[in-house]
Structure formats: structure tokens, C-alpha cells
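What follows is one structure encoded as C-alpha cells, with my remarks underneath.
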Amino acid sequence: MATTSTSTKKILDLNGRKITLIGTAHVSPESVAEVKDALSAQMPECVAVELDEKRYESMTNPDLYRDLDIIKVLKRGEALLVLANLILGSFQRRMGNNVGVKPGDEMRAAIDLAQEKNIPFSLVDRSIKVTLNRAWAKNSFWGKCKLLAALISSAFSKEEVSAEEIEALKKENEMDSMMAELSDFLPTVKEVLIDERDRYLAAHIWESKNSGGEKAKSVTAVLGAGHLPGVQKHLEAIAAGSENSDTQEISTVPPKGIGSKILGWTIPALIVALIAAGFWFGGKKMGGQFLGAWIVWNGALAALGTLLAAGHPLAILAAFAGAPITSLCPLVGVGLVAGIVQAAVKKPKVRDMETLADDSTTIKGFYKNRITRVLLVFFLSSLGSSIGTFAAGASIVKELGEKIMNLIG
């Protein structure tokens, strides 16, 4: 078992199979050139690329968003997934604009060259939907808040990244520093986005097939430089027999535990109980006061979130009216209600679908595009309602506590 390596390339001899790992920065013109040179020189039996089916489809089909039905996205509960995808994509596009390449150009170059030379290629990354859903599901409440903050920060950051800084991303010492920072800030996200995907990528690179349907004896894999150390470790473990290539365990979203399901109904039940206690201890006056506080806090903050998203007046009204009700039912969120109303009264046009990717790179574009505005309405109305739930709950508990203390006194 031998290894030859540079900062961006590792050539592994594993049980007689030659696996070459080429580490790239996804918006690097040098990476594109390196991929082309390596594939032309090596002519492997299979080319593996760090893409999943959806990202490959979006890369090869520029009109993919023309068929996007935003109302169906909301109903399927995929609004946050689409929003996160757009934000992550916009960040990479802004970086690529500075050096004249598009995100994933090195992957496209690898696939184009493989097809030109009749070499099979394999998509070896995990579904982005599974990855993001696992990152969300496995996070604590505080972790979810930090993840959202990081996404929003990257979406609206105006930081310029030079070509030199992009190339530095491929150096192991730079990547080690970034991984350590991510691990400290969001350990669960680092586990899902990096560690799990290292294992997934390695397993699927190992299983890459040649044109005859057998395991390829030579594979060239093109992947982000940050994955090189982890993927190499897992490949060597698989070759040594201490690890297998079964990734079923990390290929699905973990189901909600019974505790999470109970908690989802606990807060609404507690709110209802507190309002009922207001009627019990303070009569109609206090009970009505508690009910009013619940409606005002929840409705007002959900409406404010919709207003901040530049939502239509009817969407703002729907958020105000819907939040106090949906907050008591975990099955439906106010973001769904406000988002559907926004999409119905400001129906996205073909132009919005055609310019979605570019519009998502700026704050102005996010508000101008009717699709991203629906997503903003969904997100900010939901955020406002969540804050309103805790604010109303705290207000009711305070008032009820004072009433009980007065009765006791």
C-alpha cells in the first residue's frame, strides 16, 4: 500500500488499484487546468467527481429552475433546503466571479473530458438534500441558530476573495485551520458536512466501476481539497478491511425521536394551559388578557417578519392572523401560510426563474426576485412567530406568577 502526494494530489496504491485524488478549490482556474492535465495523462478506467444527481442536473441543465413551483416547494417542506442551496451557491458564485470561473467548473471539465475519451464517470457525493437535512436534524436548538446565522452571514457578506486566497484553500495547513475553526463553532455541522461525506465519498470512489461493470483498477477522483485527508484515511481503511463501503447508515435523515415529537406538542399544550390558568385564577379579564398577549405577540412579530421580507399586505395579514393558530399546531407553520399567500398574489414569472441564480447573490436581487422573496417571507415570518411564542410565553408566565403570589399573600 503506497502513497504519493502533493498538497493537491494524492496517488494511492491500494490492493493493486491505483486511486488518484485531486484536491480542488471549487472556483479555481488552476484546479480546472490541473484536472484536465491529470486526466489526459492518466487515462483512468473511471473518473469520480464530488457531485450528486441534483447538483449534476443543475450543472448540466441551465433551465432547471424554469420548472420550479415555489408553492409545491413550500408544501413539501423544502423551503429552507432551497434557501440554503441558493445561499451556498451564491457564495461560491461571488468567489468565482473574482477569478473568472463558475463554481464546479473543474467537475464539469472532468466529466466533459471523460465523455470525450469514453471513460465512465461516477457521481460519488451524497445528496445535498440528505446532507443539509442531517445537519439540521442532528443539531441542537442553539446549533440550528448558529447554522442559520452562518448561512445569513455568508449570503449577505460583501467580502472579496482574491485568486491567491482561493488557491490557498487547497493547502493542507489552510484547510486544517478552517476545519478546526468549523469544528469549534459548529461541531455537528462539521461532522455531517465533512466527516460523514469523507466516508461517503471514499466508499463510492472505492466502488467506482469501469466500462465492463467491474471495479475500476484505476480511478481519478476530483473533490474539494478539504476532503483529501479524510477520504484517503477511509480508502486505506477499506482496503485494509477495517472498514466497509456500506454507507446506508449515513444516507438517510435520522427520524425524529419520540422526545422531539413530544416536545413539539409540549410548548403548545403549555401555552394553552397557561391561558386556561389565567381564566381560572383571574377570571375573564386575566384570561382575555393572556389570550390577547398570545395573539398580539405571535401575530405582530410574524407580521413584522413578513414586512421585513417586503411581503405583500395580504401576506402580512395572513401572517398576523395565522401565527397565533399555527404556533399551537406543530403540523403547520405560519411560514407556509404566509409564503403561499405571497406566491399567490405575487406569482413568480418566467424571468424570476431564469435569473434566480444570479439574483440570489445580492440583497437587492433577493428582494427583487419573486421566488426568493417568497422564501424570505417563509423564513422571516417563521422566525418572527418563533420569537413571538417565547415572548408571549414569558409575558404570560410573569403575569400569572404575580397573580398567584398576590393570592397567596
Side-chain angles (χ1 to χ4, degrees), residues 54 57-58 61-91 93 128-129 132-133 136 144 147-149 151-156 298-327 329-388:
K54 277 291 183 184
E57 184 182 4
S58 66
N61 179 11
D63 296 326
L64 182 64
Y65 284 122
R66 291 177 70 98
D67 300 323
L68 181 67
D69 187 328
I70 191 63
I71 292 181
K72 286 184 179 179
V73 168
L74 294 174
K75 289 181 176 179
R76 289 197 300 260
E78 296 178 353
L80 281 178
L81 176 67
V82 173
L83 185 61
N85 263 322
L86 288 172
I87 289 173
L88 292 172
S90 70
F91 180 69
R93 277 191 295 278
I128 185 66
K129 179 178 180 179
L132 291 177
N133 280 339
W136 186 258
K144 287 181 172 69
L147 177 57
L148 286 173
L151 284 172
I152 294 169
S153 174
S154 67
F156 300 135
N298 233 290
L301 289 181
L304 177 60
T306 309
L307 177 64
L308 292 175
H312 189 276
L314 287 178
I316 296 173
L317 182 61
F320 181 83
I325 300 170
T326 58
S327 295
C329 178
L331 301 178
V332 181
V334 70
L336 174 63
V337 176
I340 288 178
V341 172
Q342 177 69 29
V345 295
K346 286 289 186 180
K347 190 174 181 179
K349 300 178 180 178
V350 172
R351 178 211 161 276
D352 297 301
M353 300 175 190
E354 292 175 338
T355 62
L356 180 58
D358 291 331
D359 287 342
S360 63
T361 61
T362 65
I363 297 178
K364 181 180 179 181
F366 246 89
Y367 277 90
K368 180 180 72 174
N369 190 290
R370 293 188 175 194
I371 294 175
T372 47
R373 196 184 303 183
V374 169
L375 294 174
L376 282 176
V377 166
F378 171 88
F379 174 69
L380 292 178
S381 63
S382 300
L383 181 62
S385 179
S386 296
I387 296 172

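Computed from a predicted model, the values in this text were never measured in an experiment. The basis for the numbers below is simple: all heavy atoms, side chains too, and nothing from hydrogens, waters or symmetry mates.
Remark: the backbone N or O of K129 is paired with a side-chain donor or acceptor of N133 at under 3.5 angstrom. Side chain of T306 to backbone of A302: a donor-acceptor contact under 3.5 angstrom is found. With Q342 contributing its side chain and R373 its backbone, the two residues share no donor-acceptor pair below 3.5 Å.
In this structure, the side chains of I340 and V374 stay at 4.5 Å or more apart for every pair of heavy atoms.
Annotation for A303 and F320: closest pair CB-CB, 4.0 Å, computed over non-hydrogen atoms. Between V341 and A318, the closest heavy-atom pair is CG2-CB, 3.8 Å. Smallest separation of non-hydrogen atoms from G339 and L74: C-CD1, 3.5 Å.
Note that the CG atom of L317 and the NE2 atom of H312 stand 11.0 Å from one another [nearest 0.5 Å]. Between the CZ atom of F378 and the OG1 atom of T372 there is a distance of 15.0 Å, given to the nearest 0.5 Å. Rounding to the nearest 0.5 Å gives a distance of 11.5 Å between OG of S381 and CG of L301.
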Query - Chi angles and distances behind the side-chain contact (heavy atoms from CB on, under 4.5 Å) call for I70, L375 - result: CA-CA 9 Å; I70 191 63; L375 294 174; 3.8 Å; yes
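Every residue meeting the side-chain hydrogen bond (donor to acceptor under 3.5 Å, both in side chains) condition with S327, not counting sequence neighbours, appears here in chain and number order: N298, S385.
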